[in-house]
Novice: 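Okay, here's the structure, questions in a sec.
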Amino acid sequence: MNGYILLIGHPASPEIAALVHQLTLRNQRCCVLDTSRLGVDVSISWDPVTGTGILATARTTIAFSEIHAAFWDQYYPRAALAGKDTATCAHEWQSLLETLLTYQAIRWYNSIAAIRSHRCKPQQLYRAVQHGLTIPVTCIGNDPSRMQQFLAEHEQTIIKPVHGGAFTELYRHRELQAQQPTCLPVTGPMTLQEYIEGTNIRSYVINTTVISAELRSACVDFRQDTNTQAFAHELPEALTQTVLALFNQLGMQWGAIDWRLDDQGRYVFLEANPAPRFTYFEQATGYAVASKMAETLIG
């Protein structure tokens with residue numbers, strides 16, 4: 001039997017539960033790490049002389065060297081203890097946790113470096129363009145005059161955060177200007193993109209495997225639509241190879257890309273996510289994402 005597979009996330013997460021199930025079917029030991037429990041019932045010890053670490057949870061105690069591979073589902077900030085935590089203390093806990101998160105002998109899906117790079121989506125878009133991918137006309141920043149000009153130049157604009165983590169919104173300039181002509185719908189750093197008419201395509205990448213589906217939804221952001229329908233879809237081979245090259249540069253072994261397939265047959269790149277949800281995609285398409293990921297983690 002191989003060592004442990006580390007799953008970073010909440011035990012109740014559908015994605016974590018699906019992977020635990022698949023790994024258990026394969027008689028593979030796994031450990032779920034809820035990072036919010038650090039200092040509660042999770043502890044980490046590190047010996048800088050030997051370069052060895054110990055992770056102890058409520059269920060098990062394992063050496064870093066026993067962790068064969070790790071899957072990053074969700075990082076949760078450590079739960080603050082009333083009256084005891086300060087900003088400095090939080091940095092101390094984060095530094096301790098990163099002795100594990102940066103342990104290079106573990107095969108990471110994905111590494112903390114890849115997760116951090118995703119938080120700078122503007123650079124991700126630039127890299128996509130450098131690989132020859134098409135992106136929507138985009139304005140990123142917090143300059144009100146530039147943002148107002150961009151909104152005026154596009155009848156329909158997608159508004160979303162620079163960092164991510166929130167649903168996208170559709171701004172219809174003519175309609176909303178008639179109601180509130182002096183109101184700018186953004187108040188801080190935002191990403192503005194021209195709205196692309198077309199079809200939602202989502203592609204999942206696991207190492208060199210790329211599986212895609214067409215997602216039909218009445219909502220601007222299909223993640224908000226419980227009635228989204230999914231149909232198998234195959235990317236052109238040249239585009240698949242470009243995707244793999246982009247993931248390699250981003251340091252991602254696993255993730256999902258969201259596209260819009262427009263009326264001219266162009267695939268317009270929206271973003272690549274290194275920790276995507278996948279259980280709803282499995283249910284809608286029948287693609288065995290969790291099974292494939294479990295096999296990849298076992299290696």
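We use all heavy atoms of the structure for the numbers below, so side chains are in, but hydrogens, waters and symmetry mates are not. Fair warning: this is a prediction, and the values are worked out from it, not measured in the lab. Along the sequence shown, the residues carry numbers beginning at 1.
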Novice: Side chains of residues 286-296: which donor-acceptor partners sit under 3.5 Å, not counting sequence neighbours?
Specialist:
from, atom 1, to, atom 2, distance (Å)
Y287, OH, S212, O, 3.3
S291, OG, R26, NH2, 2.8
E295, OE2, R26, NH2, 3.3
T296, OG1, K292, O, 2.9

Novice: Among the clusters formed by ILVMFWY side chains lying less than 4.5 Å apart, do L38 and I54 turn up in the same one?
Specialist: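 Cluster IDs for L38 and I54 differ.
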Novice: Indicate the atoms forming the closest heavy-atom contact of I257 with A272, along with that distance.
Specialist: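 Looking at all heavy atoms of both residues, the shortest contact is CG1-CB, 4.0 Å.
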Novice: Show the nearest heavy-atom pair for residues L297 and I5, with the distance to one decimal.
Specialist: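 So the two residues come closest at O-CD1, 3.4 Å.
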Novice: Mind checking the CE-OH spacing from M252 to Y109? Nearest 0.5 Å is all I need.
Specialist: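 OH of Y109 is found 13.0 Å from CE of M252.
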Novice: Could you check whether any side-chain N or O of N110 sits under 3.5 Å from a backbone N or O of P274, counting only pairs where one atom can act as donor and the other as acceptor?
Specialist: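 Yes: the side chain of N110 pairs with the backbone of P274.
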Novice: Please report the shortest heavy-atom distance between V49 and D47, naming the atom on each side.
Specialist: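 For V49 versus D47, the nearest heavy atoms are N-OD1, 2.9 Å.
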Novice: Minimum heavy-atom separation for W254 and A275, please, with both atom names.
Specialist: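 Smallest interatomic distance, heavy atoms only, reads NE1-CA, 4.4 Å.
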Novice: So does D258 get a backbone contact from the side chain of E271, meaning a donor-acceptor N/O pair under 3.5 Å?
Specialist: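 No, the answer is negative, given that no donor and acceptor are paired below the 3.5 Å cut-off.
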Novice: With sequence neighbours left out, write down each residue that passes ring-ring contact (aromatic ring centres under 6.0 Å, His included) with H233, or none if nothing qualifies.
Specialist: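 Scan of H233 (ring-ring contact (aromatic ring centres under 6.0 Å, His included), adjacent residues dropped) gives Y267.
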Novice: Atom CD in E282, atom CZ in R277: separation rounded to 0.5 Å?
Specialist: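 Here the rounded value is 12.5 Å.
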Novice: So, the side chain of H154 versus the backbone of Q193: is there a donor-acceptor pair under 3.5 Å, distance only?
Specialist: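 Answer holds: no.
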Novice: Take F64 and L55 through the side chain to side chain contact (heavy atoms under 4.5 Å, CB included) test and state the conclusion after the steps.
Specialist: CA-CA 7 Å; F64 289 6; L55 170 66; 4.1 Å; yes
Novice: When you check the gap from the basic side-chain N to the acidic O, do D34 and R78 get nearer than 4.0 Å?
Specialist: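 No salt bridge links D34 with R78.
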Novice: Same cluster for L244 and V129 if Ile/Leu/Val/Met/Phe/Trp/Tyr side chains link at under 4.5 Å?
Specialist: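 The answer is yes; both residues are in one hydrophobic cluster.
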Novice: Give a yes or no on whether L96 and W72 share a hydrophobic cluster (residues Ile, Leu, Val, Met, Phe, Trp, Tyr; joining criterion: side-chain heavy atoms under 4.5 Å apart).
Specialist: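 Yes, it is one cluster - the side chains of L96 and W72 are joined through contacts under 4.5 Å.
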Novice: Once you round to the nearest 0.5 Å, how far does CD1 of I106 lie from CD of E66?
Specialist: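 One gets 11.0 Å once the value is rounded to the nearest 0.5 Å.
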Novice: To the nearest 0.5 Å, tell me how far S117 OG sits from R127 CZ.
Specialist: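 Between S117 OG and R127 CZ, I get 6.5 Å after rounding to 0.5 Å.
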Novice: Stepwise, does the side chain to side chain contact (heavy atoms under 4.5 Å, CB included) test hold for L270 with I158?
Specialist: CA-CA 11 Å; L270 302 180; I158 290 294; over 6 Å; no
Novice: Measuring from L33:CG to L7:CG, what's the distance to the nearest 0.5 Å?
Specialist: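 So the CG of L33 and the CG of L7 are separated by 9.5 Å.
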Novice: Would you kindly confirm whether I159 and I196 end up in one hydrophobic cluster when ILVMFWY residues are joined by side chain heavy atoms under 4.5 Å apart?
Specialist: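 No, separate clusters.
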Novice: Might you point out which heavy atoms bring Y75 and L97 nearest each other, and give the distance in Å?
Specialist: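 Smallest heavy-atom distance, with atoms named: CE1-CD2, 3.5 Å.
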Novice: For N207 and V205, work out which heavy atoms get closest and say how close.
Specialist: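 The answer is O-CG1, 3.6 Å.
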Novice: Determine, using ring centers only, whether Y204 and F281 are less than 6.0 Å apart.
Specialist: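 Centroid separation for F281 and Y204: below 6.0 Å.
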Novice: How many angstroms lie between CD1 in I67 and CH2 in W108, if you round to the nearest 0.5 Å?
Specialist: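 CH2 of W108 is found 6.5 Å from CD1 of I67.
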Novice: Are the side chain of S95 and the backbone of E92 linked by a donor-acceptor contact shorter than 3.5 Å?
Specialist: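 Not at all, since once roles are kept as given, no pair shorter than 3.5 Å links the two residues.
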